[in-house]
Amino acid sequence: MRSFYGLIAILSLAALSAFSQTKPAASPPIPHLQRQGTATQLIVDGKPFLMLAGELRNSNSTSPDYLKPIWARMVAMHVNTVLSAVQWELIEPQEGKFDFSLVDNQIRGAQSYNLRLILLWFGSWKNGVSSYVPSWVKTNQTRFPRVQDKTGKGSEILTTLSAANRDADARAFAALMKHIKEVDTHRTVVMMQVENEVGLGGDTRDRTEAANKAFAGPVPKELLDYMGSHKDTLYPMFRKAWEAAGSKTSGTWEEVFGANEYTDELFMGWNYASYVGRVAAAGKAEYPLPMFVNDACSMPSPGRPIPRGGGRPQPEVGNIWKVAAPAIDIRGPDLYTPNLPVWVNWYQESFVPENPMFIPETDGNTGTYHVFYVMGQYDGMGFSPFAIDEYSLARPGQKALVPADLPLARSYGVLAQLAPVILENQGKGKMAGVVAGAGEAAQKIPLGNYVLEVSYPGGRRPAGAAAAAPAPPPVSAGVSLEATELSERSGALFINMGPDEYLVAGSGALQVRFSPNTPGDPIVGILSIEEGAYAGGRWVPGRRLNGDENGGGTSLRLGGDSSRNGLIQRIKLYRYR
Ligand code: DGJ
């Protein structure tokens, strides 16, 4: 009997030490954010890290068997960071009793493939709905109240106006972070997403009694104080609403911002941000990983100038999120749009400038070329197409695809080579990004001593761009996008490596001409173009492309139908009369 219990004890100890057996002598520093010039970088193992990421279909983390073959596919696609969900109902099936086996499985799996993880906390809300809350929350509506509409009808959405809801979520999230801290000594988990696409749909605001009372109550003083001291950097629509209502320094929501739908939006923004901010802070108190929220953003348009985001963390509520949720480091737009550059420009340029650029969800087809834009133009710290684990799976009537041959995998392959150079140059004004389509006018990009004139050559399908049906482009104030076929678009990034030298990399076909951006001789000549690769951060030249491939010495040509030209090229220029 004794020896039986002895054996059990030994086996239990062995199981418990599964993590610690592979534990390094000292853990690397905790992943954190750090500024470099105008960019924010994610620091992993003490060094800047570029996330070539992908989000798994959300239910796939709930089955270890289902998850198992996915890791190798991610590695084959040059993915280095996987976004994967943790569902509240599965880690806390009974109140206060936690089961982290699915979390451990994800960490162990990612770690064994040398991948990093971003865990997505599906707590109170997933896509705005409370579908992943534990059954002890779902079935106790009295203790855990829900959003009501004007008629008093409830919904399967937990109200933000309940301390019981918030505190139960915060306790679970804190327990999760404590556990990650204990088991993840390798720092496989690098960031956390808190909730998923929060925001109220179906009504402009919550109509519970508690919500009505708060709405009729005063705008919080800390928000008004912030508005007073940051007037010049307030989001224009937000500032305008405040000024139009008389720039009051106290009053109810409708007194301070006016009686309209935008005020409802601001009110919901304050309540979602306060709730999510408290959950994030409780988690950070246990383990301070960088934390972000993902935003199912909807852009204002001439037909709909007041967005109906129900408090989503989007630009017109950005100042409110900043004040109410200081524990949230990044608001990341989920962008499934064929004209992502227009949306990213709007998201980053029109408000709170210090929001770091991370795209938690996007489309994997357009992502093939959009990723170059995000990295080059906005110092993106990461880019993450959704359901990436499914891209190579067989579709009905079709064979499975080879993960490494997918267009996105080729883009990630190029970016994986360039990551050290990109990270070195982030935040220094030395990079630019572009997306160009067939039939579109050439874009002029001043960068260093030259202006780069970039266009899509001809109207043919670029090698490497996947064909996909384009969604109708959203219309935004002052911007229109030609209905260019997705298959006729390319993307590239440019790095100014020296006074007369550029590194160009991308997906699809592009032509780049150069003109002077500084005084001196008026004509720009091409000294040399090399295609090549980066290995260990060092340029390894391949062919010299100074003949047919450079348009008789007039331009750099990237990719193309015949793939005659490589997807990474270095060009040296000179000037003459
Ligand atoms: C956006 C959500 O954030 C994801 O979790 C997922 O539901 C996708 N939509 C599905 O398209």
Side-chain angles (χ1 to χ4, degrees), residues 51 53-63 66-67 70 74 79 81-91 102-103 106 117-133 155-158 169 173 176 191-202 272-273 275-276 279-280 291-299 307-314 317 321 328 330-338 340 343-344 347 358-368 370 374 382-391 393 395 408 466 468-472 474 486:
M51 289 181 283
E55 181 165 330
L56 305 186
R57 176 77 63 188
N58 299 148
S59 300
N60 296 351
S61 58
T62 62
S63 159
Y66 197 97
L67 193 56
I70 289 175
M74 297 299 96
V79 167
T81 306
V82 171
L83 279 71
S84 178
V86 174
Q87 298 80 2
W88 184 6
E89 63 175 340
L90 296 180
I91 69 157
L102 290 173
V103 177
Q106 291 174 71
L117 266 183
I118 292 177
L119 293 174
L120 317 176
W121 172 237
F122 287 4
S124 293
W125 303 284
K126 143 88 173 118
N127 300 18
V129 179
S130 304
S131 50
Y132 277 112
V133 301
S155 60
E156 218 175 38
I157 300 173
L158 291 182
D169 186 334
F173 187 62
L176 171 65
M191 290 214 289
M192 297 297 293
Q193 180 185 293
V194 190
E195 315 293 344
N196 190 80
E197 290 193 343
V198 301
L200 188 66
Y272 272 110
Y275 188 122
V276 175
V279 172
M291 297 197 182
F292 69 96
V293 284
N294 64 331
D295 173 9
C297 59
S298 63
M299 198 165 160
R308 285 191 206 105
R312 294 170 192 170
Q314 52 191 38
V317 195
W321 272 81
I328 296 297
I330 305 170
R331 286 169 292 113
D334 289 349
L335 293 176
Y336 295 86
T337 162
L340 177 139
W343 286 67
V344 173
Y347 208 84
F358 173 60
I359 305 230
E361 288 183 41
T362 187
D363 169 83
N365 284 320
T366 55
T368 298
H370 282 154
V374 170
F383 188 86
S384 170
F386 180 72
I388 194 166
D389 47 324
E390 295 181 351
Y391 295 172
L393 299 184
R395 310 244 173 265
L408 181 68
L486 264 187

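Start at 1 and go down the list; that is how both ligands and their atoms are numbered.
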Subject >> Geometric class of the W121/W88 ring pair [parallel <30°, tilted 30-60°, perpendicular >60°] >> reply: tilted
Original post:
Who are the salt bridge (Lys or Arg N to Asp or Glu O under 4.0 Å) partners of E390, not counting sequence neighbours?
Top reply: R57
**OP:** Determine yes or no for a side-chain-to-main-chain donor-acceptor pair under 3.5 angstrom, with E89 supplying the side chain and I91 the backbone.
**Re:** no
**OP:** Please confirm whether the backbone N or O of Y132 pairs with a side-chain atom of Q87, one donor and one acceptor, at under 3.5 Å?
**Re:** no
Return a table of N or O atom pairs, ligand 1 on one side and protein on the other, at distances under 3.5 Å, rounded to 0.1 Å.
{"residue": "ligand 1", "atom": "3 (O)", "partner": "N196", "partner atom": "ND2", "Å": "2.9"}
{"residue": "ligand 1", "atom": "3 (O)", "partner": "E197", "partner atom": "OE1", "Å": "3.4"}
{"residue": "ligand 1", "atom": "3 (O)", "partner": "E197", "partner atom": "OE2", "Å": "3.3"}
{"residue": "ligand 1", "atom": "3 (O)", "partner": "E361", "partner atom": "OE1", "Å": "3.2"}
{"residue": "ligand 1", "atom": "3 (O)", "partner": "E361", "partner atom": "OE2", "Å": "2.6"}
{"residue": "ligand 1", "atom": "5 (O)", "partner": "N58", "partner atom": "OD1", "Å": "2.6"}
{"residue": "ligand 1", "atom": "5 (O)", "partner": "K126", "partner atom": "NZ", "Å": "2.7"}
{"residue": "ligand 1", "atom": "5 (O)", "partner": "N196", "partner atom": "ND2", "Å": "3.4"}
{"residue": "ligand 1", "atom": "7 (O)", "partner": "K126", "partner atom": "NZ", "Å": "2.9"}
{"residue": "ligand 1", "atom": "7 (O)", "partner": "N127", "partner atom": "ND2", "Å": "3.0"}

Original post:
Ignoring hydrogens and geometry, is there a side-chain-to-backbone donor-acceptor pair from S130 to V133 under 3.5 Å?
Top reply: no
Original post:
Would you find a donor on one side and an acceptor on the other, under 3.5 Å apart, between the side chain of R312 and the backbone of G199?
Top reply: no
